[in-house]
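Everything on this sheet refers to the single structure shown next.
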Amino acid sequence: QVQLVESGGGLVQAGGSLRLSCAAAGRTFSSYAMGWFRQAPGKEREFVAAISSSGFSADYADSVKGRFTVSRDNAKNTMYLQMNSLKPEDTAVYYCATGSGRRGSSWPGWYDYWGQGTQVTVSS
C-alpha cells in the first residue's frame, strides 16, 4: 500500500520561506511522477507543482512560478517543495500526491494516492 506523509508546514510571515517534504513508501518511488496541491478554506483543491519520475521535468501553477521549486531525491524516496517569498494567499493545506505515470499532471484526477496534508499559514 502506498503511503505519503507530508511535513514542514507551519506559520511564517509574508516574504518568508518554508520547505515542505513528502516521504513516500509502498512502491518504487523513482518510477512515478509526483505532485503538490493545496486547498484553502472554502476553495477547491488547486494544482501547485508536479515533477516527473526522473526529476528532470517540472511544471508549476502560474501563481507560484518563480517563487516555488519542486524537487525530489529518489534515493531518499522524498519530494520537496521549496517555497520562497510567501504571500498570505499561499495559506492552505498542502497535499502531495502520486499517480501511475512518469510525467505528472495538473489535474487532481490523475493522481491515485494522496497524503494527509500539512498546514501552511502565511501572516501579513
Side-chain angles (χ1 to χ4, degrees):
Q1 184 175 356
V2 176
Q3 293 184 325
L4 302 174
V5 179
E6 303 95 335
S7 61
L11 174 64
V12 64
Q13 288 187 334
S17 298
L18 282 175
R19 188 176 83 154
L20 305 184
S21 298
C22 173
R27 65 179 183 179
T28 306
F29 180 77
S30 60
S31 294
Y32 303 98
M34 304 273 305
W36 286 102
F37 289 78
R38 67 186 182 186
Q39 188 167 19
K43 295 187 176 181
E44 293 186 352
R45 190 167 297 190
E46 66 172 355
F47 171 72
V48 175
I51 187 166
S52 64
S53 58
S54 65
F56 292 148
S57 177
D59 294 309
Y60 297 90
D62 288 343
S63 59
V64 306
K65 278 181 182 177
R67 300 188 299 121
F68 291 10
T69 303
V70 61
S71 62
R72 64 191 294 163
D73 185 339
N74 285 344
K76 295 183 178 180
N77 291 354
T78 302
M79 175 179 64
Y80 304 97
L81 185 68
Q82 178 65 44
M83 306 186 295
N84 298 329
S85 302
L86 283 161
K87 305 175 181 180
E89 51 263 44
D90 294 318
T91 296
V93 176
Y94 283 70
Y95 299 89
C96 67
T98 187
S100 298
R102 294 185 177 273
R103 287 282 306 181
S105 173
S106 62
W107 178 49
W110 184 86
Y111 296 85
D112 301 316
Y113 302 98
W114 294 81
Q116 82 290 347
T118 186
Q119 176 70 48
V120 171
T121 303
V122 184
S123 63
S124 57

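Sequential numbering from 1 along the given sequence is applied to the chain's residues. Side chains included, hydrogens not; waters and symmetry mates left out as well; all remaining heavy atoms used.
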Inset, instruction - Measure the OG1-CH2 distance between T118 and W36 for me, rounded to the nearest 0.5 Å. - result: 8.0 Å
Legend entry - Non-hydrogen atoms of G9 and V120 that approach each other most closely: CA-CG2, 4.1 Å
Inset, instruction - Please round to the nearest 0.5 Å and tell me the distance separating atom OG of S124 and atom CD of Q13. - result: 9.5 Å
Legend entry - Residues that D90 engages under salt bridge (Lys or Arg N to Asp or Glu O under 4.0 Å), provided they are two or more places apart: R38, R67
Legend entry - K65: salt bridge (Lys or Arg N to Asp or Glu O under 4.0 Å) partners, not counting sequence neighbours: D62
Inset, instruction - Identify, with sequence neighbours excluded, every residue that meets side chain to side chain donor-acceptor pair (under 3.5 Å) alongside T78. - result: none
Legend entry - Side-chain donor or acceptor of E6 paired with backbone N/O of Q116 under 3.5 Å: yes
Legend entry - Shortest non-hydrogen contact from I51 toward S71: CD1-CA, 3.6 Å
Inset, instruction - Could you pull out the closest heavy-atom pair between F47 and D59, with the gap in Å? - result: CZ-O, 3.7 Å
Legend entry - Residue pairs involving residues 51-103 (criterion ring-ring contact (aromatic ring centres under 6.0 Å, His included); sequence neighbours excluded): none
Legend entry - Minimal non-hydrogen separation, A14 against P88, with atom names: CB-CD, 4.1 Å
Legend entry - From CE (M34) to CG (L81), nearest 0.5 Å: 11.5 Å
Legend entry - Side chains of V122 and K87 in contact at under 4.5 Å (non-hydrogen atoms): no
Inset, instruction - Can you run down the side chain to side chain donor-acceptor pair (under 3.5 Å) pairs that involve residues 20-32, sequence neighbours left out, and say none if there aren't any? - result: R27-T98
Legend entry - Flag side-chain contact, heavy atom, 4.5 Å: S17 against Q82: yes
Inset, instruction - Would you check if L20 and M79 make a side-chain contact, meaning some heavy-atom pair closer than 4.5 Å? - result: no
Legend entry - Listed once per pair and sorted, the side chain to side chain donor-acceptor pair (under 3.5 Å) pairs that draw on residues 106-115, sequence neighbours left out: S100-D112
Inset, instruction - Measure the spacing between CZ of R19 and CE of M83 and express it to the nearest 0.5 Å. - result: 11.5 Å
Inset, instruction - Return the minimal non-hydrogen interatomic distance between A40 and A92, and the atom names on each side. - result: N-CB, 3.8 Å
Inset, instruction - Search all heavy atoms of R103 against all heavy atoms of A33 and return the closest pair with its distance. - result: C-CB, 3.6 Å
Inset, instruction - Could you grab the distance from atom CD of Q119 to atom OG1 of T91, nearest 0.5 Å is fine? - result: 7.5 Å
